[in-house]
Protein chains: 2
Amino acid sequence: MTPSPPGSAGIKDVAAEAGVSVATVSRVLNGHPSVSPGSRERVLAAVEALGYRPNAVARSLRTHQTHTLGLVISDVLNPYFTELARSVEEAARALGYSVIIGNADERPELQDHHVRTLLDRRIDGLLVSPTDGGSPLMLDAVRAGTPMVFVDRWIPGVGVDVPVVRSDGRQAVRDLVAHLHGLGHRRLAIIAGPAATTTGSERVEAFRDALREHGTALPDAYIGQGDFQADSGRRATERFLALPEPPDVVFAADNLMALGALDAIRGRGLRVPHDIGLAAFDDIPWFVHTDPAVTAIAQPTAELGRAAVHALVDRIEGRSPRSVTLPARLVVRRSCGEDTRVRRSSP
Amino acid sequence: MTPSPPGSAGIKDVAAEAGVSVATVSRVLNGHPSVSPGSRERVLAAVEALGYRPNAVARSLRTHQTHTLGLVISDVLNPYFTELARSVEEAARALGYSVIIGNADERPELQDHHVRTLLDRRIDGLLVSPTDGGSPLMLDAVRAGTPMVFVDRWIPGVGVDVPVVRSDGRQAVRDLVAHLHGLGHRRLAIIAGPAATTTGSERVEAFRDALREHGTALPDAYIGQGDFQADSGRRATERFLALPEPPDVVFAADNLMALGALDAIRGRGLRVPHDIGLAAFDDIPWFVHTDPAVTAIAQPTAELGRAAVHALVDRIEGRSPRSVTLPARLVVRRSCGEDTRVRRSSP
DNA sequence: ATCCTCCGTGTAATCGATTCCACAAGGAGG
DNA sequence: CCTCCTTGTGGAATCGATTACACGGAGGAT
């Protein structure tokens with residue numbers, strides 16, 4: 001016998017079926033102690049018989065909790081964020097939360113749209129990887145006490161109320177520059193992300209600092225302005241290649257811009273790494289199979305997602321989580337030139 | 001002057017501030033005709049002053065509408081589904097709906113978990129790309145009248161209540177086989193998806209039929225059983241390569257298994273297409289840059305997402321949408337061997 | 001001048017749960 | 001035997017909106 005129309009029965013129907021009051025049904029469903037074994041059993045039987053499922057909307061209205069987290073990311077099409085989203089959802093599910101993902105497409109107004117929508121839905125907390133320096137809307141939300149955690153990127157000056165979960169690439173960038181120097185490359189260029197994002201500016205800074213340690217400067221002509229999208233990587237690279245003295249190596253601040261750079265290099269009929277080297281921030285499975293395999297800086301993406309969820313849930317449940325910073329690491333492949341001592345370093 | 005604590009004011013506060021009743025506030029907010037210009041103005045001013053935002057939870061409880069669509073996909077990490085999700089969200093947003101994505105990871109029990117959660121939240125409709133032949137839960141939901149649309153994959157025998165939005169790859173597969181034959185390849189193998197999924201079995205059928213048209217058979221040894229994940233593609237390919245008579249070309253039924261196949265081929269120290277050819281179902285930007293560029297069958301992914309949303313919203317709003325089938329097309333690159341007449345066919 | 005429409009508005013019921021409070025029954029202790 | 005406490009239960013308020021219904025007043029028709 002199929003339980004009659006599932007989703008249609010309400011708590012009142014269950015109460016009637018079980019011969020108890022709605023209060024008792026609610027107590028059974030929420031595991032309250034003071035319910036007699038007899039009632040509990042009859043309620044459970046009624047629930048089963050009617051195929052009853054509590055209405056989460058009504059429950060949320062009453063309890064002021066949705067058991068839902070909002071995740072606003074800058075670009076779902078970027079495999080890095082996809083992986084982040086996946087680990088966030090996984091960690092959240094383990095803690096009994098659902099996740100609603102908002103894709104900002106690197107557009108501040110779309111980001112605001114999602115934040116507003118999520119706030120309207122009274123999500124319990126918000127995980128954000130901001131596309132910009134901080135919209136008034138988001139700052140208001142923080143001030144109003146919305147539990148929030150920044151992940152990957154953050155907004156400076158928001159204060160301790162918003163922990164930041166991110167990875168630090170300084171050392172990995174330093175390793176990269178040392179690797180490039182070791183291969184004899186001196187003219188190193190970077191395709192930066194938007195200056196309004198922390199990852200956009202930090203990576204350039206780290207790169208510049210690492211170069212300085214090697215006594216090299218980073219000329220303006222070797223800084224391409226990108227927006228974390230493939231197209232911008234393509235354009236920046238074309239500009240580099242048109243220079244009287246093109247760089248030996250191009251370092252893209254994210255994987256999509258590296259894809260664009262590859263496009264541009266290929267379009268020119270040049271070969272990597274013979275004619276020009278390429279490296280990228282953010283490692284993805286495909287980098288192993290590009291022509292040639294791309295040297296990249298890998299973030300502990302899944303761990304970041306997990307840490308972010310734990311921090312956020314801590315905040316929601318009244319604790320005061322601290323920021324988390326995990327190290328990124330260099331993965332050397334062949335796109336910057338063959339290391340003469342070893343064949344390849346990655347499996 | 002910042003509007004005081006946003007998110008904290010309720011409709012009653014607005015009513016008090018504007019000197020009207022909550023009914024009038026609600027009418028203004030919902031654009032009802034019978035409100036005097038004076039009241040409307042004062043309500044709007046009060047809303048602005050208090051930074052009032054209606055509580056979507058309460059609204060949903062009353063109206064029985066959440067203006068939310070559920071999207072349950074088989075694997076977010078698969079770029080095909082990511083793009084699908086993106087276009088779904090975009091189309092839904094344009095129609096005033098939000099989307100909650102559930103990632104099933106190709107696991108039926110996880111798929112059920114998400115369907116259940118989404119149903120509990122009383123989403124207005126469900127977009128599903130089933131990982132299996134159909135769970136009782138989903139069938140019950142359909143029977144109970146939940147508006148549902150299948151996208152990409154579907155469950156046979158559910159009936160006209162559930163339109164299917166998908167792409168038909170038969171002709172593209174035929175084109176692929178013709179292309180391979182033209183290049184002199186005769187021993188063609190396929191890495192199939194799970195038989196429980198329609199895309200898993202259809203693609204094998206289409207391949208087999210196309211081979212038959214060329215007078216070739218598809219021996220069992222040349223059918224690898226995969227699960228749409230990279231690892232399974234790797235294993236299936238290793239098995240092919242260990243055969244006394246390995247295939248000339250391996251056709252992977254999705255892009256992740258193609259990635260795995262690439263791994264396996266590379267692990268053996270073989271070269272594509274010289275030693276063995278590779279083709280894939282589903283095209284992704286990275287295929288242009290792999291070594292070599294991968295010949296693939298491209299689906300009109302974004303259009304599929306859009307069509308699916310429109311079909312679902314049609315159902316939600318009481319109309320009776322029909323199923324949609326869009327053609328996929330072959331994109332020839334270099335992974336199956338150089339075409340002697342033209343250099344490359346894709347930009 | 002009287003009656004009948006509209007029009008704008010407010011009061012109160014409602015959506016489906018949770019939970020405070022009151023209360024009845026039963027056992028323990030005096 | 002009477003009180004007090006514990007335990008299980010139900011009635012009713014509540015969350016924050018939407019909306020059916022009633023009602024008072026202005027204006028038009030007769």
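Each chain gets a letter, A, B and so on, in the order the sequences are listed, and its residues count up from 1.
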_Checking Ser60(A) against Arg121(B): is there a side-chain donor and acceptor pair closer than 3.5 Å?_
no

_Taking 4.0 Å as the cut-off, does a side-chain nitrogen or oxygen of Ser39(B) come that near to OP1 or OP2 on dT9(C)?_
yes

*Contact class for Val20(A) vs. all strands (heavy atom < 4.0 Å): base, sugar-phosphate, or nothing?*
sugar-phosphate

_As a test of reading the structure: which of dG8(C), dT19(C), dG10(C) is closest to the side chain of His32(A), going by heavy atoms?_
dT19(C)

*Do the side chain of His113(A) and the main chain of Glu109(A) share a donor and acceptor less than 3.5 angstrom apart?*
no

*So what does Ser60(B) touch, heavy atoms closer than 4.0 Å: a base, only the sugar-phosphate, or nothing?*
nothing

*For Ser36(A), which contact category applies under a 4.0 Å heavy-atom criterion: base, sugar-phosphate, or nothing?*
sugar-phosphate

_Outermost DNA chain D nucleotides near chain A [under 4.0 Å, heavy atoms]_ = dG8(D) to dG16(D)

*Do you see a donor-acceptor pair shorter than 3.5 Å between the side chains of Gln229(A) and Asp75(A)?*
yes

*Short question: side chain of Thr82(A), backbone of Val76(A) - any donor-acceptor pair under 3.5 Å?*
yes

*Relative to the 5' end of DNA chain C, which residue comes earlier, Ser34(B) or Ala58(A), by the nucleotide with the nearest heavy atom?*
Ser34(B)

*Is there a donor in the side chain of Glu89(B) and an acceptor in the side chain of Asn103(A), or the other way round, less than 3.5 Å apart?*
no

_Contact nearer the 5' end of DNA chain D, comparing Val57(B) with Thr24(B)_ = Val57(B)

*Toward the 5' end of DNA chain C, which comes first, Leu61(B) or Pro33(B), by nearest nucleotide?*
Pro33(B)

*asked:* Between the base of dT14(C) and the side chain of Arg62(B), is there a donor and acceptor pair under 3.5 angstrom?
replied: yes

*Whole-Å gap separating P (dG10(C)) and NZ (Lys12(B))*: 15 Å

*Does Thr131(A) use its side chain to pair, donor to acceptor, with the backbone of Glu106(A) at less than 3.5 Å?*
no

*Whole angstrom value for the distance that separates P of dG10(C) from CZ of Arg27(B)*: 8 Å

_Glu41(A), CD atom: more than 12 neighbouring heavy atoms under 6.0 Å_ = no

*Does a donor on one side chain sit under 3.5 Å from an acceptor on the other, for Arg59(A) and Asn30(A)?*
yes

*Paired stretches of DNA chain C - 3 or more consecutive Watson-Crick or G-U pairs, each distance under 3.5 Å*: C:1-30 with D:1-30

*Distance only, no hydrogens: is a donor on one side chain within 3.5 Å (strictly under) of an acceptor on the other, for Arg153(B) and Ser74(B)?*
yes

